[in-house]
Amino acid sequence: MFGGWSGACSGTGSCVVTMIDAKSVTATFTLKKFNNPSRWTTAFDLSHGWTVSQFVRTVGDVNNDGRDDLIGFGLDGVYVALSNGTSFDSLSRWSSSFDLSHGWTVADFVRTVGDVNNDGRDDLIGFGLDGVYVALSNGTSFDPISKWSSSFDLSHGWTVSQFVRTVGDVNNDGRDDLIGFGLDGVYVALSNGTSFGSISKWSSSFDLSHGWTVSQFVRTVEMSILMAGMI
């Protein structure tokens with residue numbers, strides 16, 4: 001990271017030197033790095049029974065304050081710990097759906113978060129047995145779940161072991177859409193704010209037919225660009 005000028009220039013703005021005699025300019029750069037880790041919460045951890053094999057944990061801004069919060073899909077509901085900027089508040093249950101007690105297992109179903117209606121709050125999205133379900137965030141809890149799509153589900157062969165499914169805003173309308181890395185291409189279902197449209201193939205790459213397996217390769221989305229790499 002650029003730190004500033006010294007010598008014939010100072011500060012961090014543009015450096016213009018008139019060469020009427022010998023002059024020198026030094027540009028200083030500093031290493032950009034993360035701070036040392038610190039514990040922000042004592043919840044959502046292995047000592048409290050949150051195992052990878054049973055429970056999904058992720059982050060997202062569920063109350064539109066610009067800070068990402070903790071979201072855990074647990075045994076009897078979905079729990080949230082809001083960020084206050086220096087730590088996470090105590091967890092509270094925001095939904096009684098999408099949980100293990102209702103059959104949402106890690107082995108069979110994908111659950112994630114994203115803003116599907118462009119209100120600035122991340123919502124719950126679950127790729128289920130017979131469709132994709134959504135629970136909108138109202139800022140203090142999640143509304144009841146409703147089915148937004150009849151695609152990308154287990155009944156249509158979208159298994160966790162073979163296919164990656166996620167969400168992202170691929171058309172820059174502020175709403176997160178569904179993206180599925182399938183057998184013969186990458187499929188998308190656009191969000192209209194109240195449901196997802198029909199799926200269509202957006203790419204013939206990054207798919208299982210070209211050797212992109214879940215066990216060996218990572219695929220995700222960011223800023224409307226497909227990203228892929230090896231584990």
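As the structure is a prediction and not an experimental result, all values here were calculated from the model. When reading the values below, keep in mind they use all heavy atoms of this one structure, side chains included, and skip hydrogens, waters and symmetry mates.
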### Message
Check whether Asn192 reaches the backbone of Phe196 with its side chain - one donor and one acceptor, N or O, closer than 3.5 Å.
### Response
no

#### Entry: Ser83 side chain to Phe88 backbone, donor-acceptor under 3.5 Å
no

### Query
Is it true that Leu129 and Ile145 fall in one hydrophobic cluster, defined by side-chain heavy atoms closer than 4.5 Å?
yes

### Query
Around atom CG of Asp21, are there more than 12 heavy atoms of other residues, nucleotides or ligands at under 6.0 Å?
yes

### Summary
Closest non-hydrogen contact found for Ala43 with Leu91 is CB-CD2, 3.3 Å

### Query
For the hydrophobic clusters of this structure (ILVMFWY residues joined by side-chain heavy atoms under 4.5 Å, transitively), does one cluster hold both Phe142 and Trp148?
no

## Note on the structure
Residues at least two apart in sequence or cross-chain that pass salt bridge (charged side-chain N to carboxylate O under 4.0 Å, His left out) with Arg57, listed by chain then number, are none

### 4.5 Å side-chain heavy-atom contact, Arg111 and Leu124
no

### Task
State, yes or no, whether a side-chain contact exists between Lys23 and Val25 at a heavy-atom distance under 4.5 Å.
no

### Val160 and Val106: CA distance, side-chain angles, deciding distance, side chain to side chain contact (heavy atoms under 4.5 Å, CB included) verdict
CA-CA 8 Å; Val160 171; Val106 170; 6.0 Å; no

### Task
Check whether more than 12 heavy atoms from other residues, nucleotides or ligands sit under 6.0 Å from atom CE of Met1, and answer yes or no.
no

### Message
Please check this pair: side chain of Lys201 against backbone of Val186, looking for a donor-acceptor N/O pair closer than 3.5 Å.
### Response
no

### Query
Quick one: are Trp158 and Phe152 in side-chain contact, heavy atoms under 4.5 Å?
yes

### Message
Per the disulfide (SG to SG under 2.5 Å) rule, what does the pair list look like for residues 10-68, sequence neighbours excluded?
### Response
Cys9-Cys15

### Query
Hey, does the side chain of Asn64 reach the backbone of Arg121 with a donor-acceptor pair shorter than 3.5 angstrom?
no

### Task
Starting at CG of Leu100, measure out to CH2 of Trp104 and round the result to the nearest 0.5 Å.
12.5 Å

### Pair Ser204-Asp207, side-chain hydrogen bond (donor to acceptor under 3.5 Å, both in side chains): steps then yes or no
CA-CA 7 Å; Ser204 297; Asp207 54 22; over 6 Å; no

### Intermediate values then yes/no, side chain to side chain contact (heavy atoms under 4.5 Å, CB included), Phe73 and Thr58
CA-CA 9 Å; Phe73 296 80; Thr58 186; 4.3 Å; yes

### Message
So, taking the atom named OG in Ser149 and the one named NE2 in His156, what distance separates them when rounded to the nearest 0.5 Å?
### Response
9.0 Å

### Message
Suppose the criterion is disulfide (SG to SG under 2.5 Å): which pairs have a residue in residues 83-175, not counting sequence neighbours?
### Response
none

### Query
Any donor-acceptor pair under 3.5 Å linking the side chain of Asp122 with the backbone of Val113?
no

### Message
Using every non-hydrogen atom in the two residues, find where Ser95 and Ser97 come nearest and quote the distance to one decimal.
### Response
OG-N, 3.1 Å

### Query
Is there side-chain contact between Asp184 and Tyr187, with heavy atoms separated by less than 4.5 Å?
yes

### Task
Begin from the C-alpha positions of Leu136 and Asn117 and carry the test side chain to side chain contact (heavy atoms under 4.5 Å, CB included) through to its verdict.
CA-CA 8 Å; Leu136 295 176; Asn117 61 345; 3.7 Å; yes

### Query
Are Phe2 and Phe29 close enough that their ring centres sit under 6.0 Å apart?
yes

#### Entry: Check: Trp5 main-chain N/O paired with Ser10 side-chain donor or acceptor under 3.5 Å
no

### Query
Are Ile199 and Phe163 in one and the same hydrophobic cluster, where Ile, Leu, Val, Met, Phe, Trp and Tyr link if side-chain heavy atoms are under 4.5 Å apart?
yes

### Message
Val116 vs Ile125, test: side chain to side chain contact (heavy atoms under 4.5 Å, CB included). Steps then yes/no.
### Response
CA-CA 9 Å; Val116 297; Ile125 302 102; 4.0 Å; yes

### Task
Look at the side-chain heavy atoms of Ile, Leu, Val, Met, Phe, Trp and Tyr, link any pair under 4.5 Å apart, and say whether Val56 and Trp94 land in one connected group.
yes

### Query
Which pair of heavy atoms, one from Asp89 and one from Ala81, lies closest together, and at what distance?
O-CB, 3.3 Å

